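Report on the structure given below.
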Amino acid sequence: MTLLGMTVQELTDWVTAQGQPKYRGQQLHEWLYHKGVVSFAEISVFPKAWRELVGDEIIGRSQIVQRSPAPDGTVKYLLQLQDRLTIETVGIPTSDRLTVCVSTQVGCPMACDFCATGKGGWRRNLAVHEIIDQVLTVQNDFQRRVTHLVFMGMGEPLLNLANVLSVIRILNQDVGIGQRHMTVSTVGVPQQISAFAQAHLQVTLAVSLHAPNQELRQQLIPSAKRYPLTQLMADCQDYVKITGRRLSFEYTLLAGVNDAPAHAMELAQLLRGFQCHVNLIPYNPIAGVDYRRPSAQSVQNFARILEKLHIATSIRQTRGLSASAACGQLRSQQERHDPQKN
Ligand code: SAH
């Protein structure tokens, strides 16, 4: 059992079952979600004898095993979970925001060809408290409120949908992050986009497209063979109809693979009339993979073609490259140094 992830009512039930007065439920809630305590012993308003009896494991916090700051202020953390597996999380500050990029799984089964996490295989889904912990860890370390959240760390969020939905609710209601400041990124899992739509949230859904046609897409994304582009696009249309919300498409640009003007034109054709926004991500090089990052010029050209064809487009600024903070690299480096770790 873990306290992190419980609502104020559940915490109140727990403290009373422990023979403590009811109001300690509210106190526990405050210390867990606002003060961000990592151990039960720290909750100084609780009787010492009770704190010793309960022990620290029950909170459900991880340990920072590596902290890698980049010159741009981005900090990447390697966190160790209670079963000793490790995950990454990233804090990305700007003057008026602190964004956290959270992981939803240990590893990922989708195996996208250009993704460091995909190369490392899949271990398990993260529990609700293990995702919330990442946000609180960044918040504590930066000594600043987390304002924005992207589910773009390790793993495929829609393969862990029930937990992701609970996390969104808790971070919204208990930690105080606006749903409109959250983005869930998916490569697409059959049936799950419509399940996500049915939750009627205010969060943004970002779909990783990476190619304007089925043939190229399935070369880059093996799971696309079981979820053809026509079906994915139909599910995205339904998502917009059901939620009334605009959708984002992510497109990682790989030099000489999917970044030609013809690809941009084909992409504009595919998205014509769609209530959407395209986010171009210049490829972040990862070890052991042959793809190349396109020049700034060719990224600009690609964007310009889309815009001329009336597709709202932005280019994602790369943050934290020097800290290996871009995409799954900290964990794979650690594993190379210490293959016994996991
Ligand atoms: N499983 C989710 C979240 C993945 S990470 C998804 O697929 O959407 C968020 C985005 O970064 C995805 O679009 C992913 O394809 C992209 N990405 C992964 N590795 C990358 C790399 N090395 N360079 C650029 N983008 C990458």
Side-chain angles (χ1 to χ4, degrees), residues 76 87-90 92 99-122 125-126 131 134 148-161 163-164 167 182-190 192-193 196 203-211 216-224 227 229 232 235-236 239 247-255 257-259 267 276-294 299 302 314-321 323-333:
K76 183 155 190 165
I87 53 164
E88 294 176 359
T89 199
V90 188
I92 308 157
T99 303
V100 182
C101 174
V102 293
S103 295
T104 54
Q105 300 185 305
V106 185
C108 185
M110 305 308 272
C112 299
D113 204 36
F114 49 84
C115 174
T117 306
K119 297 282 171 205
W122 178 80
N125 278 347
L126 290 180
I131 305 175
Q134 298 171 51
H148 291 72
L149 194 73
V150 292
F151 290 81
M152 294 185 187
M154 304 169 72
E156 169 46 53
L158 295 195
L159 287 176
N160 192 9
L161 183 60
N163 287 351
V164 165
V167 165
M182 302 184 194
T183 301
V184 172
S185 176
T186 179
V187 73
V189 178
Q192 294 306 84
I193 290 179
F196 188 76
V203 306
T204 300
L205 183 66
V207 174
S208 297
L209 212 49
H210 306 323
L216 182 55
R217 191 164 190 270
Q218 70 180 31
Q219 273 174 35
L220 303 172
I221 305 169
S223 67
Y227 192 16
L229 190 56
L232 173 66
D235 292 346
C236 289
Y239 173 88
L247 204 124
S248 272
F249 288 105
E250 289 160 290
Y251 193 102
T252 293
L253 286 165
L254 308 160
V257 176
N258 66 356
D259 69 335
L267 181 61
C276 70
H277 173 100
V278 171
N279 197 210
L280 298 173
I281 317 173
Y283 169 65
N284 297 309
I286 59 169
V289 175
D290 280 344
Y291 295 114
R292 283 175 301 115
R293 184 184 178 91
V299 173
F302 200 94
S314 58
I315 299 170
R316 187 173 302 165
Q317 209 193 333
T318 301
R319 300 283 309 260
L321 255 191
S324 301
C327 304
Q329 295 156 29
L330 197 62
R331 182 168 177 268
S332 47
Q333 274 170 11

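Counting starts at 1 for both ligands and their atoms, in listed order. If you read the sequence from its start, that first residue is 1, and numbering goes on from there. For clarity, every value in this text was computed on a predicted model and none was experimentally measured.
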Looking only at heavy atoms, is any part of [X] under 4.0 Å from ligand 1, and if so is it the side chain, the backbone, or both, or is it neither?
| X | result |
| --- | --- |
| H210 | side chain |
| E250 | side chain |
| T186 | backbone |
| I281 | side chain |

Out of curiosity, [X] [atom1] to [Y] [atom2], how far, rounded to the nearest 0.5 Å?
| X | Y | atom1 | atom2 | result |
| --- | --- | --- | --- | --- |
| T204 | H277 | OG1 | NE2 | 10.0 Å |
| D113 | Q219 | CG | CD | 9.0 Å |
| I315 | I281 | CD1 | CD1 | 12.0 Å |

Counting from 1, what ligand 1 atoms have a heavy atom of [X] closer than 4.0 Å?
| X | result |
| --- | --- |
| G155 | 1 (N), 2 (C), 3 (C) |
| C115 | 18 (C), 19 (N) |
| Y283 | 21 (C), 22 (N), 23 (N), 24 (C) |
| V187 | 6 (C), 7 (O), 8 (O) |

| request: Can you sort out the partners of R316 under salt bridge (charged side-chain N to carboxylate O under 4.0 Å, His left out), two or more places apart, ordered by chain and number? | output: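 E250.
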| query | Under the side-chain hydrogen bond (donor to acceptor under 3.5 Å, both in side chains) criterion, do T104 and E156 qualify, and how do the steps go? | reply | CA-CA 7 Å; T104 54; E156 169 46 53; over 6 Å; no
| side-chain contact (heavy atoms from CB on, under 4.5 Å) partners for Q192, two or more places apart |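 Q192: side-chain contact (heavy atoms from CB on, under 4.5 Å) contacts with L158, L161, V189, A195.
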Counting only nitrogen or oxygen atoms and a 3.5 angstrom limit, does [X] reach ligand 1?
| X | answer |
| --- | --- |
| P157 | no |
| S208 | yes |
| R316 | no |

| field | Pick from L205, T183, V289, N284: the one approaching atom 23 (N) of ligand 1 most closely through a non-hydrogen atom | value |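 Checking each option, the heavy atom nearest atom 23 (N) of ligand 1 is found in N284.
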| Closest to atom 3 (C) of ligand 1 (judged by heavy-atom distance), picking from G118, C101, A116, S185 |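 The residue whose heavy atom sits nearest atom 3 (C) of ligand 1 is S185.
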| query | What is the ring orientation for Y283 with Y291, classed by angle as parallel under 30°, tilted 30 to 60°, or perpendicular over 60°? | reply |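 Correct class here is perpendicular.
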| query | Is a donor on one side and an acceptor on the other found under 3.5 Å between the side chain of Q134 and the backbone of S103? | reply |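 Present.
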| Would you say T99 and V150 make side-chain contact, with heavy atoms under 4.5 Å? |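 Yes; the side chains approach each other to less than 4.5 Å.
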